[in-house]
A.B. asks: 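Got a structure here, written out as structure tokens. Questions coming.
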Amino acid sequence: MKPNIIDIVQSQVIASIKEEKDLEKAIQSNANIVFILTGNLITMDGYLKKLKEAGKTTFIHIDFIDGLSNTKSAIKYIAEIWKPAGIITTRSNLIKYAKEEGLMTIQRLFLIDRNALVKGIDIAHNCKPDAIEVLPGLMPSVIDNLTTMTTLPIIAGGLISNKQDILNGLRAGALAISSGDPKLWNLEF
């Protein structure tokens, strides 16, 4: 049985690796979940092996991996060959394919206005990801509002620059906060 994302979150800060140079920092961090937002078909296998050896639960943001197409066969390859815990994407059709392959899924939503918020929740309810990542994450009142609109776990990210930003997002109801800043990956709460 596939794990529940709520059950795998131990550190409420998720390490989002945007550059290869931060891979080792993520490995050494307190974050037990790592979002990979960099790499390509050649490097990804090595990244995943290092992170898994360090006991990290990995999610690949497939919209950012060079050489991957947005197809069902790409998702099948990810599931069968790379074997991460799951994927992150803005594309609802890829969420569906990943779920069919047994991967956990995170739907990334960019909340630029109320229409984007409502449409994003509708899309998420239709494709049923395991969680929603909302960007930017500096919106406690919006995060609080989202928790009344959906039962899906909320991960907030984007523009997070300090411990207070993280605390504000968590107090507003986010399950976890994703950050690309290695200085925030070892905070204790």
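Hydrogens, waters and symmetry mates play no part in the numbers below; they use all other heavy atoms, side chains included.
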A.B. asks: Taking side chain to side chain donor-acceptor pair (under 3.5 Å) as the test, write out the residues that go with Gln10, two or more places apart.
C.D. replies: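 Per chain and number, Gln10 pairs via side chain to side chain donor-acceptor pair (under 3.5 Å) with no residue.
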A.B. asks: What's in the same ILVMFWY side-chain cluster as Ile123, cut-off under 4.5 Å, chained through other members?
C.D. replies: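 Via sub-4.5 Å side-chain contacts, Ile123 links to none.
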A.B. asks: Show me the donor-acceptor pairs within less than 3.5 Å that the side chains of residues 75-88 make with the rest of the protein, sequence neighbours left out.
C.D. replies:
| from | atom 1 | to | atom 2 | distance (Å) |
| --- | --- | --- | --- | --- |
| Lys76 | NZ | Glu80 | OE2 | 2.9 |

A.B. asks: Apply side-chain contact (heavy atoms from CB on, under 4.5 Å) to Leu109 and Leu135, showing your working.
C.D. replies: CA-CA 6 Å; Leu109 302 176; Leu135 289 94; over 6 Å; no
A.B. asks: Between Leu152 and Ala124, what is the shortest heavy-atom contact and its length?
C.D. replies: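 Scanning both residues, the minimum pair turns out to be CD1-CB, 3.9 Å.
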A.B. asks: Tell me every residue that passes side chain to side chain contact (heavy atoms under 4.5 Å, CB included) with Ser69, counting only those two or more places apart in sequence or in another chain.
C.D. replies: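 Residues passing side chain to side chain contact (heavy atoms under 4.5 Å, CB included) with Ser69: Thr71, Ala74.
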A.B. asks: Sorted by first residue and then second, give each side-chain hydrogen bond (donor to acceptor under 3.5 Å, both in side chains) pair with at least one member in residues 130-141; sequence neighbours left out.
C.D. replies: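 Qualifying pairs, neighbours excluded: Lys2-Asp130, Thr105-Asp130, Arg108-Glu133, Glu133-Ser178.
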A.B. asks: With Lys96, which residues qualify under salt bridge (Lys or Arg N to Asp or Glu O under 4.0 Å), at least two apart?
C.D. replies: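 With sequence neighbours excluded, Lys96 shows a salt bridge (Lys or Arg N to Asp or Glu O under 4.0 Å) to Glu100, given in chain and number order.
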A.B. asks: Do you know which two heavy atoms are closest between Lys163 and Leu184, and how far apart they sit?
C.D. replies: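 Heavy-atom minimum between the residues: N-CD2, 4.1 Å.
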A.B. asks: Give, for atom OG1 of Thr58 and atom NZ of Lys50, the distance between the pair rounded to the nearest 0.5 Å.
C.D. replies: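 It is 14.5 Å, given to the nearest 0.5 Å.
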A.B. asks: Which pairs count as salt bridge (charged side-chain N to carboxylate O under 4.0 Å, His left out) when at least one residue sits in residues 33-46, sequence neighbours excluded?
C.D. replies: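 Sorted result for residues 33-46: Asp45-Lys49.
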A.B. asks: Run the side-chain contact (heavy atoms from CB on, under 4.5 Å) check on Val13 and Ile33 step by step: do they pass?
C.D. replies: CA-CA 8 Å; Val13 177; Ile33 298 175; over 6 Å; no
A.B. asks: Would you kindly confirm whether Ile177 and Leu187 end up in one hydrophobic cluster when ILVMFWY residues are joined by side chain heavy atoms under 4.5 Å apart?
C.D. replies: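 Yes, one cluster joins them.
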A.B. asks: What residues, two or more places apart in sequence or in another chain, satisfy salt bridge (Lys or Arg N to Asp or Glu O under 4.0 Å) together with Lys25?
C.D. replies: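 Lys25 satisfies salt bridge (Lys or Arg N to Asp or Glu O under 4.0 Å) with Asp22 once adjacent residues are dropped.
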A.B. asks: On a heavy-atom basis, which atom in Ile143 and which in Ala174 lie closest, and how many Å separate them?
C.D. replies: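 That would be CG2-N, 3.8 Å.
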A.B. asks: With rounding to the nearest 0.5 angstrom, report the CG to CD1 distance, Asp144 to Ile154.
C.D. replies: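 Output value for this atom pair is 11.0 Å.
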A.B. asks: For Gly173 and Thr147, which heavy atoms make the closest approach, and how far apart are they?
C.D. replies: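 What the structure gives for the nearest pair is O-CG2, 3.8 Å.
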A.B. asks: Would you kindly confirm whether Phe110 and Val142 end up in one hydrophobic cluster when ILVMFWY residues are joined by side chain heavy atoms under 4.5 Å apart?
C.D. replies: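 No, Phe110 does not connect to Val142 through the hydrophobic network.
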A.B. asks: Is atom NZ of Lys52 surrounded by more than 12 heavy atoms (other residues, nucleotides or ligands) closer than 6.0 Å?
C.D. replies: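 Buried by this count: over 12 neighbours within 6.0 Å.
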A.B. asks: Please report the interatomic distance CD1(Ile132) to CG(Leu146), rounded to the nearest 0.5 Å.
C.D. replies: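 Answer for the CD1-CG pair, Ile132 versus Leu146, is 6.5 Å.
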A.B. asks: Enumerate the salt bridge (charged side-chain N to carboxylate O under 4.0 Å, His left out) contacts for residues 164-189, please, sequence neighbours excluded, ordered by first and then second residue.
C.D. replies: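 Qualifying pairs: Asp181-Lys183.
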A.B. asks: How many angstroms lie between OG in Ser92 and OH in Tyr97, if you round to the nearest 0.5 Å?
C.D. replies: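 Ser92 OG to Tyr97 OH: 9.5 Å, rounded to 0.5 Å.
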A.B. asks: Consider only side-chain heavy atoms of I, L, V, M, F, W and Y, link residues closer than 4.5 Å, and tell whether Ile17 and Phe64 are in one cluster.
C.D. replies: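 The answer is no; the residues belong to distinct hydrophobic clusters.
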A.B. asks: Check whether any side-chain heavy atom of Pro129 sits under 4.5 Å from a side-chain heavy atom of Ile106, and report yes or no.
C.D. replies: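 The answer is no; the side chains never approach within 4.5 Å.
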A.B. asks: Decide yes or no for Ile155 and Ile14: does some side-chain heavy atom of the first lie under 4.5 Å from some side-chain heavy atom of the second?
C.D. replies: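 Side-chain contact under 4.5 Å: yes.
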A.B. asks: Would you compute the distance between atom OG1 of Thr89 and atom CD1 of Ile95 and round it to the nearest 0.5 angstrom?
C.D. replies: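 The OG1 atom of Thr89 sits 6.0 Å away from the CD1 atom of Ile95.
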A.B. asks: Is there a path of hydrophobic side-chain contacts, each under 4.5 Å between heavy atoms of I/L/V/M/F/W/Y residues, joining Leu175 to Ile121?
C.D. replies: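 Not linked; separate clusters.
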A.B. asks: Is Lys56 reaching over with its side chain to a backbone N or O of Ala31, donor-acceptor style, under 3.5 angstrom?
C.D. replies: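 It does hold such a pair.
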A.B. asks: Please identify each residue that fulfils salt bridge (Lys or Arg N to Asp or Glu O under 4.0 Å) with Asp63, with sequence neighbours left out.
C.D. replies: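 In terms of salt bridge (Lys or Arg N to Asp or Glu O under 4.0 Å), with neighbours along the sequence ignored, Asp63 is linked to Arg91.
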A.B. asks: Any side-chain heavy atom of Ile60 sitting closer than 4.5 Å to one from Ile65?
C.D. replies: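 With C-beta onward as the side chain, the pair touches.
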A.B. asks: Shortest non-hydrogen contact from Asn168 to Pro140?
C.D. replies: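 Closest approach of Asn168 to Pro140, heavy atoms only: CB-CG, 3.8 Å.
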A.B. asks: In terms of hydrophobic clusters joined by side-chain contacts under 4.5 Å, are Ile112 and Leu117 together?
C.D. replies: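 No, Ile112 and Leu117 fall in different hydrophobic clusters.
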A.B. asks: Hey, can you pull the donor-acceptor pairs under 3.5 Å for the side chains in residues 34-43, sequence neighbours left out?
C.D. replies:
| from | atom 1 | to | atom 2 | distance (Å) |
| --- | --- | --- | --- | --- |
| Asn40 | OD1 | Ile42 | N | 2.7 |
| Asn40 | OD1 | Thr43 | N | 2.9 |
| Asn40 | OD1 | Thr43 | OG1 | 3.4 |
| Thr43 | OG1 | Asn40 | N | 3.0 |

A.B. asks: In the structure I gave you, are the side-chain heavy atoms of Gln28 and Trp185 within less than 4.5 Å of one another anywhere?
C.D. replies: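 Gln28 does not reach Trp185 side chain to side chain.
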A.B. asks: Kindly state each residue pair satisfying side-chain hydrogen bond (donor to acceptor under 3.5 Å, both in side chains) with at least one member in residues 109-129, sequence neighbours excluded.
C.D. replies: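 Listed once each, the pairs are His125-Thr150.
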A.B. asks: So which heavy atom on Gln107 is nearest to which on Cys127, and how close?
C.D. replies: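 In this case the closest contact between Gln107 and Cys127 is OE1-SG, 3.2 Å.
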